[in-house]
Amino acid sequence: MKYLLIIFVLFISGCASVKSMRGTEAQQTSGEDVSHLKITAEGISSLSIENYRMIKVYFRNLNENWLRVKSIEVTEVEGSPNFQVILGKDLVSWRKSMELDFDLKKEKAIKDKAPTAELDSLRAELANYKNEDHLYEPLSLPSNLQTQKWILLQIPKTETIKGFTFVVRHLDDRQQTYRVVIGGQQ
């Protein structure tokens with residue numbers, strides 16, 4: 001009985017760790033199966049404005065070994081056939097433009113004697129999105145841990161992203177295609 005209880009607790013702990021991931025789980029649609037790799041994604045409404053949608057993608061490696069990803073590429077965005085992935089120097093320009101936008105809104109709020117804490121919080125949140133953490137950058141997943149990446153998509157403001165499809169290419173030449181429905185506000 002004691003061993004059954006231990007096994008049950010370990011099983012529940014394992015299930016809880018997978019359930020603790022944010023967003024909705026990606027479904028593998030093709031490629032060689034990578035067991036014990038969980039991927040989820042969610043829309044981030046705080047930095048998704050007008051023509052831009054920020055999405056966080058979470059990876060959890062439940063294997064005993066590291067997983068190394070050479071590249072990831074978004075191939076389709078459901079709900080926005082004319083999407084663009086913002087990369088490189090365009091990300092730097094977008095970040096600087098967002099910072100200026102927050103600064104201008106803060107100046108106006110100060111003149112109007114309105115609270116500025118939310119703008120300060122958004123500007124601080126923006127600083128957390130580093131280029132090296134972009135979804136298109138190579139990725140190493142330590143065993144039994146998780147990490148997060150982010151991606152910025154430009155889409156017409158009248159469109160809503162329902163989900164997206166992406167290809168994961170590993171260093172050992174394995175390749176999978178995943179589709180995920182976007183959770184969270186956009």
Q: How close do I182 and A41 get, heavy atom to heavy atom, and via which atoms?
A: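 Heavy atoms of I182 and A41 come nearest at CD1-CB, 4.4 Å.
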Q: Give a yes or no on whether E118 atom CD has more than 12 heavy-atom contacts from other residues, nucleotides or ligands under 6.0 Å away.
A: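 Not more than 12 within 6.0 Å, no.
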Q: Apply side chain to side chain contact (heavy atoms under 4.5 Å, CB included) to the pair I49 and K157, showing each step before the final yes or no.
A: CA-CA 8 Å; I49 61 168; K157 61 182 166 186; over 6 Å; no
Q: Sequence neighbours left out, what passes salt bridge (Lys or Arg N to Asp or Glu O under 4.0 Å) with D133? Give chain and number order.
A: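 Once residues adjacent in sequence are excluded, D133 has no partner under the salt bridge (Lys or Arg N to Asp or Glu O under 4.0 Å) criterion.
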Q: If you apply the rule side-chain hydrogen bond (donor to acceptor under 3.5 Å, both in side chains), what do you find for H170 with Q176, and how did you get there?
A: CA-CA 9 Å; H170 297 264; Q176 299 84 36; 2.7 Å; yes
Q: Can you confirm whether the side chains of E125 and S46 place a donor and an acceptor under 3.5 Å from each other?
A: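 Looking only at side-chain atoms, S46 and E125 do form a donor-acceptor pair, the distance falling under 3.5 Å.
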Q: Do R123 and K106 touch side chain to side chain, with heavy atoms closer than 4.5 Å?
A: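 SC-SC contact between R123 and K106 ruled out.
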Q: Please check if the number of heavy atoms outside E64 that lie under 6.0 Å from its CD is greater than 12.
A: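 For E64, atom CD is not crowded (no more than 12 foreign heavy atoms under 6.0 Å).
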Q: Can you name the closest pair of heavy atoms from L47 and L122 and give their distance?
A: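 That would be CD2-O, 4.3 Å.
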Q: Quick one: closest heavy-atom pair of A26 and F166, and the distance?
A: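 Nearest heavy atoms, A26 then F166: CB-CZ, 4.3 Å.
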Q: As an exercise, state the distance from CG of L126 to OG of S121, rounded to the nearest 0.5 Å.
A: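 Spacing of CG (L126) from OG (S121) equals 11.0 Å.
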Q: If you measure from OG on S140 to CG on L171, what distance do you get to the nearest 0.5 Å?
A: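 Reported value, rounded in 0.5 Å steps: 7.0 Å.
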Q: Can you confirm whether P156 sits close enough to S80 that some side-chain heavy atom of one is under 4.5 Å from a side-chain heavy atom of the other?
A: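 Yes - at least one pair of side-chain heavy atoms lies under 4.5 Å apart.
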Q: Please confirm whether the backbone N or O of L141 pairs with a side-chain atom of N61, one donor and one acceptor, at under 3.5 Å?
A: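 Indeed, once roles are kept as given, a pair shorter than 3.5 Å links the two residues.
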Q: Report whether V167 and I161 are members of the same hydrophobic cluster (ILVMFWY, side-chain heavy atoms less than 4.5 Å apart, transitive linking).
A: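 No, no single cluster joins them.
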Q: Side-chain heavy atoms under 4.5 angstrom apart, residues restricted to Ile, Leu, Val, Met, Phe, Trp, Tyr: same cluster for L145 and W66?
A: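 Hydrophobic grouping puts L145 apart from W66.
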Q: So, R68 and D172, do they make that salt bridge, N to O below 4.0 Å?
A: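 Result for this pair is no, no salt bridge flagged.
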Q: Does the side chain of L135 reach to within under 4.5 Å of the side chain of F59, using non-hydrogen atoms?
A: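 Answer yes - side chains close enough.
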Q: Nearest 0.5 Å, please: how far is CD1 in I39 from CD1 in I72?
A: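 Nearest 0.5 Å value for the CD1-CD1 distance: 7.0 Å.
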Q: Using modelled atom types and a 3.5 Å cut-off, is there a donor and acceptor pairing between side-chain atoms of N63 and backbone atoms of S35?
A: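 The answer is yes, because a donor-acceptor pair under 3.5 Å joins these two groups.
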Q: Run through Q146, E25, E42 and flag the one making a side chain to side chain donor-acceptor pair (under 3.5 Å) with Y58.
A: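 One option only clears the test, and that one is E42.
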Q: CD1 of I151 to CD1 of I44: how many Å apart, nearest 0.5 Å?
A: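 If I round to the nearest 0.5 Å, the distance is 13.0 Å.
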Q: Do T165 and T75 come within less than 4.5 Å of each other through their side chains, counting heavy atoms only?
A: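 The answer is yes, as the side chains (C-beta and beyond) meet within the 4.5 Å cut-off.
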Q: Scan for side chain to side chain donor-acceptor pair (under 3.5 Å) pairs involving residues 84-99, sequence neighbours excluded, and state none if there are none.
A: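 Non-adjacent pairs meeting side chain to side chain donor-acceptor pair (under 3.5 Å): R95-N131.
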Q: Using atom types as modelled and distance alone, determine if a side-chain donor or acceptor of T29 lies under 3.5 Å from a backbone N or O of T177.
A: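 Checked: pair present.
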Q: One pair to check against side chain to side chain contact (heavy atoms under 4.5 Å, CB included): V180 and T40. What are the steps and the verdict?
A: CA-CA 7 Å; V180 66; T40 62; 5.9 Å; no
Q: Apply side chain to side chain contact (heavy atoms under 4.5 Å, CB included) to residues N51 and I155 and explain how you reach the verdict.
A: CA-CA 5 Å; N51 293 14; I155 67 168; over 6 Å; no
Q: Give me the atom names and distance for the closest heavy-atom approach of A109 to P115.
A: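 Taking every non-hydrogen atom into account, CB-O, 4.0 Å.
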Q: How long is the span from the CZ atom in R22 to the CD atom in Q148, to the nearest 0.5 Å?
A: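 Rounded to the nearest 0.5 Å, the CZ-CD separation comes to 6.5 Å.
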Q: Anything under 30° is parallel, anything over 60° is perpendicular, the rest tilted; go ahead and classify Y136 against H134.
A: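 Perpendicular.
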Q: Mind checking whether E159 and V77 have side chains closer than 4.5 Å, heavy atoms only?
A: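 They are not in side-chain contact.
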Q: Would L153 and V85 count as a side chain to side chain contact (heavy atoms under 4.5 Å, CB included) if you check the C-alpha gap in whole Å, the side-chain angles of each, and the deciding distance to 0.1 Å?
A: CA-CA 5 Å; L153 300 173; V85 176; 3.7 Å; yes
Q: Under 3.5 Å, side chain of S48 to main-chain N/O of M54, donor-acceptor pair present?
A: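 Yes, because the side chain of S48 sits within donor-acceptor range (under 3.5 Å) of the backbone of M54.
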Q: Quick one: NZ on K149 to CD1 on I55, what's the gap to the nearest 0.5 Å?
A: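 Going from the NZ atom of K149 to the CD1 atom of I55 covers 15.5 Å.
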